[in-house]
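We number each residue from 1, following the sequence as shown.
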Amino acid sequence: MNEIINELVDAIKADQRYISFQEAAKTLEEESIVQLLNEYQTVLNDFHYLRQFDSYIDIQQQKEKLKQIKKEIGENKTIQAYYQKYYDINALLEHVTALVFQNISESLDTTGMKL
């Protein structure tokens, strides 16, 4: 069984969708992308912290800052390419999962003991 699983993993690793995903993941390590994502995380953390005081302070400026950085991330070609590859590899994995587990419940008795 382990041998078959290892062969399946090797086949997935050899698939162009997986290779493309790995290459796209490396592009996220570019300094400008790391800075953008770190800035987003900082702004998001600040927003979540300040939101608990929403009834006492105006957090509109923080909302706008978060909205702006989300827009930058959404328009970034490198990040868009990464997510496209991410969706592609996940579609492959969903397909493989469906094939592997197709009709498995019909082959197994899972009724258990009746009380």
Side-chain angles (χ1 to χ4, degrees):
M1 178 76 118
N2 284 339
E3 186 176 318
I4 294 171
I5 293 171
N6 288 334
E7 288 177 20
L8 178 60
V9 169
D10 290 342
I12 292 170
K13 286 180 177 179
D15 189 276
Q16 187 57 47
R17 289 165 284 196
Y18 180 77
I19 294 167
S20 295
F21 170 71
Q22 290 297 310
E23 291 169 355
K26 288 177 185 173
T27 65
L28 295 182
E29 296 172 6
E30 294 174 13
E31 186 176 338
S32 61
I33 303 298
V34 170
Q35 286 177 339
L36 180 61
L37 295 175
N38 284 340
E39 182 181 357
Y40 170 72
Q41 192 60 55
T42 300
V43 170
L44 183 63
N45 289 343
D46 290 348
F47 174 74
H48 284 301
Y49 175 75
L50 293 173
R51 195 169 64 182
Q52 65 185 333
F53 306 109
D54 190 28
S55 58
Y56 304 107
I57 60 173
D58 181 16
I59 62 169
Q60 188 60 35
Q61 183 179 4
Q62 197 67 20
K63 284 182 185 178
E64 288 301 318
K65 196 173 182 181
L66 185 58
K67 183 178 174 181
Q68 178 59 35
I69 197 162
K70 280 184 178 182
K71 182 180 177 191
E72 285 181 51
I73 288 172
E75 293 174 350
N76 186 288
K77 299 294 183 196
T78 302
I79 295 173
Q80 287 177 356
Y82 166 79
Y83 274 110
Q84 183 57 54
K85 303 301 181 193
Y86 174 81
Y87 295 133
D88 292 346
I89 191 63
N90 274 297
L92 172 64
L93 295 175
E94 286 178 21
H95 180 68
V96 168
T97 300
L99 289 174
V100 169
F101 293 104
Q102 178 181 357
N103 299 325
I104 195 168
S105 62
E106 295 171 4
S107 302
L108 299 172
D109 179 13
T110 58
T111 56
M113 182 166 58
K114 294 184 180 190
L115 300 176

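- In this view, F53 and Y49 satisfy the ring-ring contact (aromatic ring centres under 6.0 Å, His included) rule, not counting sequence neighbours.
- For the side chain to side chain contact (heavy atoms under 4.5 Å, CB included) with I33, the qualifying choice from N38, I73, I79 is I79, the only one to do so.
- A distance of 11.5 Å separates OG1 of T42 from CD of Q35, quoted to the nearest 0.5 Å.
- Pairs of residues two or more places apart, or lying in two chains, that qualify as side-chain hydrogen bond (donor to acceptor under 3.5 Å, both in side chains) and include a residue from residues 86-101 are Q84-D88.
- Annotation: salt bridge (charged side-chain N to carboxylate O under 4.0 Å, His left out) contacts involving residues 42-58, sequence neighbours excluded, are absent.
- Listed by first and then second residue, the side-chain hydrogen bond (donor to acceptor under 3.5 Å, both in side chains) pairs that reach into residues 63-80 are Q60-E64, sequence neighbours excluded.
- By the criterion of side-chain heavy atoms lying less than 4.5 angstrom apart, applied directly or through intervening Ile, Leu, Val, Met, Phe, Trp or Tyr residues, I57 is grouped together with L44 in one hydrophobic cluster.
- Residues M1 and I5 are in side-chain contact: their nearest non-hydrogen atoms beyond the backbone lie under 4.5 Å apart.
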Using residues 10-28 as the side-chain source, report each donor-acceptor pair under 3.5 Å to any protein atom, sequence neighbours left out, with the distance given to one decimal.
unit_1 : atom_1 : unit_2 : atom_2 : d
D15    : OD1    : R17    : N      : 2.8
D15    : OD1    : R17    : NE     : 2.8
D15    : OD2    : R17    : NH2    : 2.9
Q16    : NE2    : S20    : OG     : 3.1
Y18    : OH     : Q22    : NE2    : 3.3
S20    : OG     : Q16    : O      : 3.0
T27    : OG1    : A24    : O      : 2.5

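- Considering only residues two or more places apart in sequence or on other chains, Q61 meets the side-chain hydrogen bond (donor to acceptor under 3.5 Å, both in side chains) condition with none of them.
- From E39, atom CD reaches atom CG of L66 across 10.5 Å, with rounding to the nearest 0.5 Å.
- Under the 4.5 Å side-chain contact rule for hydrophobic residues, V100 and L92 share a cluster.
- Annotation for I4: atom CD1 does not count as buried by contact number, only 12 or fewer foreign heavy atoms lying within 6.0 Å.
- The structure places CD of E3 at 5.0 Å from CD of E7, a figure rounded to the nearest 0.5 Å.
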